[in-house]
Amino acid sequence: MPQPRKRATIREVAKATGLSPAAVSYALRGMQVSEETIERVRRVAAELGYEADPIARALASGRTGMIGLLCGSLEDLWQQALAVGIGRALKDNDRYALILDAAGDPAREHTLARQLRDQRVDALIVQPVDPAAPLWADLCEGLPVVSIGDALAGARTAGEVVFDNRAGVTLALEHLRGRGHRRLAVLTSTRASTPDRPADVHVLAEAGRLGLDIETVTSSQSLGTATRVAGEMLDAGHRAFFCFADSIAYGVYAASAERKLGIPFEVSVMGYDDHPMSGLLTPGLTTVDWDIDGIVRAAVRIVVAAADGNTRRRRIVQAPQLRERGSVG
């Protein structure tokens with residue numbers, strides 16, 4: 001019976017590359033050496049079959065190599081794509097994502113955030129359901145936290161990749177108004193218990209500025225719930241929708257089809273995150289693009305640096321772009 005191959009050591013990689021073990025360790029983690037050295041060390045390590053021993057590394061460094069990723073709701077297809085991108089990018093940086101789903105529930109989000117801290121993750125990325133919760137300030141005292149989407153009120157985060165929601169909401173509402181719509185149904189996943197999310201606050205202010213009559217209704221990102229809620233709004237006479245997630249907008253498509261109402265001639269709908277599926281609909285969904293690849297790169301860069309002890313705080317503001325397709329008549 002063949003014997004299992006012995007795990008190559010970091011000293012063997014150092015000998016093969018002519019570098020010190022410390023330099024090899026930095027290169028394998030993508031730190032403090034040139035890109036050329038990183039590439040050469042990782043190539044040699046792969047050839048030798050080197051794999052970092054996670055237990056030994058955790059004991060030596062006090063770090064687990066695990067980054068918590070707390071998603072607001074994985075029923076949202078855009079957040080699913082975000083989680084996939086972050087998980088893969090962390091793996092490329094020799095980290096592993098522990099992905100949890102808050103299911104749109106602030107209480108569940110609080111519980112899971114504390115559990116991730118107690119499980120000794122090296123850092124946490126969160127797309128918050130309740131960005132104003134007092135929890136975050138306490139959590140950030142002992143754990144590097146990077147927020148995506150909204151800033152965490154009163155918390156000293158390690159960094160944030162926030163959306164310019166003022167610009168995004170304005171783009172959407174001005175587009176709908178420019179097409180002649182004055183009465184809008186706004187579908188949001190925000191609950192009554194978390195009324196101060198920036199996008200929801202700004203939609204009310206912009207509606208007043210633009211002279212729009214809006215009715216805001218809560219819907220989860222699940223297709224079944226979004227279809228039911230959109231159907232109720234259609235039955236109440238609404239024919240123009242602004243949805244704070246493309247996943248919710250898909251429910252408007254489904255509810256309109258059930259009622260044999262055509263998009264965009266009888267019903268107009270806009271989304272807010274440009275999931276890849278949105279371009280495949282007939283007609284394609286007009287939406288707001290936040291550059292998910294750029295968000296992934298920025299969030300991972302910040303969280304890896306924070307997990308490695310870099311205390312420089314970074315704030316990146318994502319600018320929106322309107323993706324005009326054919327769903328607004």
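Nothing here was measured: the structure is a model prediction, and the numbers come from that model.
Crowding of Glu39 atom CD: a count of heavy atoms from other residues, nucleotides or ligands under 6.0 Å not exceeding 12. More than 12 heavy atoms of other residues, nucleotides or ligands shown are found within 6.0 angstrom of CZ on Arg182. Surrounding CZ of Arg209 are more than 12 heavy atoms belonging to other residues, nucleotides or ligands, all under 6.0 Å away. Within 6.0 Å of the CZ atom in Arg11, the count of heavy atoms belonging to other residues, nucleotides or ligands does not exceed 12.
Under 3.5 Å, the side chains of Arg313 and Thr157 contain a donor-acceptor pair of N or O atoms. Between the side chains of Asn165 and Tyr272, at least one donor N or O lies within less than 3.5 Å of an accepting N or O. Between the side chains of Gln321 and Arg323, at least one donor-acceptor pair of N or O atoms lies under 3.5 Å. Side chain to side chain, Glu324 and Thr286 fail the donor-acceptor criterion of an N or O pair below 3.5 Å. Using modelled atom types, one finds a donor on one side chain and an acceptor on the other under 3.5 Å when comparing Tyr250 with Ser278. For the residue pair Asp76/Ser247, the side-chain donor-acceptor check at 3.5 Å is satisfied.
Taking the charged nitrogens against the carboxylate oxygens, Asp274 and Arg325 do have a contact shorter than 4.0 Å, which makes a salt bridge. One finds no salt bridge joining Asp92 and Arg42 here, because no Lys/Arg side-chain nitrogen approaches an Asp/Glu carboxylate oxygen to under 4.0 Å. A salt bridge does not link Glu36 with Arg40: every distance from a Lys NZ or Arg NE/NH1/NH2 to an Asp or Glu carboxylate oxygen is 4.0 Å or more. The pair Asp235-Arg259 meets the salt-bridge criterion, with a side-chain N (NZ, NE, NH1 or NH2) lying under 4.0 Å from an Asp/Glu carboxylate O.
When atom types are taken as modelled, the side chain of Glu109 and the backbone of Val129 share a donor-acceptor pair closer than 3.5 angstrom. A donor-acceptor pair under 3.5 Å links the side-chain atoms of Thr17 to the main chain of Val13, judged by distance alone. In this structure a side-chain-to-backbone donor-acceptor pair under 3.5 Å is missing from His275 to Ala81. Between the side chain of Trp136 and the backbone N or O of Val145 there is no donor-acceptor pair closer than 3.5 Å. Side chain of Gln221 to backbone of Ile248: no donor-acceptor contact under 3.5 angstrom is found. One N or O on the side chain of Arg239 and one on the backbone of Leu234 form a donor-acceptor pair closer than 3.5 Å. Put simply, the side chain of Asp164 never gets that close to the backbone of Gln318: no donor and acceptor are under 3.5 Å apart. No donor-acceptor pair closer than 3.5 Å links the side chain of Arg88 to the backbone N or O of Ile86. Side chain of Asn93 to main chain of Arg95: no donor-acceptor pair is present (N/O by atom type, distance under 3.5 Å, no hydrogens or angles). Within the 3.5 Å criterion, the main-chain N or O of Gly72 finds a donor-acceptor partner in the side chain of Gln79.
Residue Ile99 holds its CD1 atom at 7.5 Å from CG of Leu74, rounded to the nearest 0.5 Å. Note that CZ of Arg114 is 13.0 Å distant from CG of Leu143, once rounded to the nearest 0.5 Å. In this structure, CG in Asp246 is found 9.0 Å from CE in Met270, a value given to the nearest 0.5 Å. Atom OG of Ser256 and atom CD1 of Ile263 lie 4.0 Å apart (nearest 0.5 Å). Interatomic distance, Leu135 CG to Thr111 OG1, rounded to the nearest 0.5 Å: 9.0 Å. One finds the CG atom of Leu173 at 7.0 Å from the CD1 atom of Ile214 (value rounded to the nearest 0.5 Å).
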Under the criterion salt bridge (Lys or Arg N to Asp or Glu O under 4.0 Å), I'd like the reasoning laid out for Arg108 against Asp130: C-alpha separation, chi angles, the key distance, then a yes or no.
CA-CA 11 Å; Arg108 178 182 172 89; Asp130 186 7; over 6 Å; no

I'd like to know whether His238 forms a side chain to side chain contact (heavy atoms under 4.5 Å, CB included) with Leu184, so could you lay out the CA-CA distance, the side-chain angles of the two residues, the decisive distance to 0.1 Å, and finally the verdict.
CA-CA 7 Å; His238 284 280; Leu184 303 177; over 6 Å; no

Side chain to side chain contact (heavy atoms under 4.5 Å, CB included) assessment of Met66 paired with Asp122
CA-CA 6 Å; Met66 300 295 295; Asp122 295 336; 5.6 Å; no

Show your working on side chain to side chain contact (heavy atoms under 4.5 Å, CB included) between Val269 and Val328 and close with a plain yes or no.
CA-CA 6 Å; Val269 56; Val328 179; over 6 Å; no

Report the C-alpha distance between Leu116 and Leu69 in whole Å, list the side-chain angles of each, state the deciding distance to 0.1 Å, and finish with yes or no for side chain to side chain contact (heavy atoms under 4.5 Å, CB included).
CA-CA 9 Å; Leu116 285 167; Leu69 174 56; over 6 Å; no

Walk me through whether Glu206 and Arg166 qualify under salt bridge (Lys or Arg N to Asp or Glu O under 4.0 Å).
CA-CA 9 Å; Glu206 278 297 89; Arg166 181 176 296 273; 5.6 Å; no

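Looking at every heavy atom in both residues, His110 comes nearest to Ala133 through NE2-CB, 3.4 Å. Of all heavy-atom pairs between Ile148 and Phe163, the closest is CG2-CZ, 4.3 Å. Closest approach of Ser268 to Gly329, counting heavy atoms only: OG-N, 2.8 Å. Counting all heavy atoms, side chain and backbone alike, Ser20 lies closest to Ala14 at C-CB, 3.9 Å. The shortest non-hydrogen separation linking Ala226 to Ser220 is CB-O, 4.0 Å. Listed here is the closest heavy atom pair of Ala230 and Gly251: CB-O, 3.9 Å.
The hydrophobic clustering, which links ILVMFWY residues whose side-chain heavy atoms are closer than 4.5 Å, places Val169 and Phe241 apart. One hydrophobic cluster holds both Val161 and Trp290 under the rule that ILVMFWY side chains link at heavy-atom gaps under 4.5 Å. Put simply, Ile125 and Val304 are part of the same group of oily side chains (I, L, V, M, F, W, Y) that touch within less than 4.5 Å, one to the next. Leu139 and Ile67 fall into different hydrophobic clusters, where Ile, Leu, Val, Met, Phe, Trp and Tyr residues are linked whenever their side-chain heavy atoms come under 4.5 Å apart, directly or through other members. Under the 4.5 Å side-chain heavy-atom criterion for grouping Ile, Leu, Val, Met, Phe, Trp and Tyr, Val126 is connected to Leu98 within one hydrophobic cluster.
Contact of the Ile316 side chain with the Val162 side chain is not registered, since no non-hydrogen atoms from C-beta on lie closer than 4.5 Å. Using a 4.5 Å heavy-atom threshold, the side chains of Leu82 and Gln127 count as touching. Leu70 is not listed as a side-chain neighbour of Gln115, based on a closest heavy-atom distance of 4.5 Å or more. A heavy-atom distance below 4.5 Å is found between the side chains of Gln80 and Leu77. In this structure, Val252 and Cys243 have side chains that are in contact, with non-hydrogen atoms separated by less than 4.5 Å. Residues Tyr253 and Val267 fail the side-chain proximity criterion, which asks for heavy atoms closer than 4.5 Å. When side chains are defined from C-beta on, Ser189 does not count as touching Ser73, because their heavy atoms never get closer than 4.5 Å. Between Leu90 and Val303 the shortest side-chain heavy-atom distance falls below 4.5 Å.
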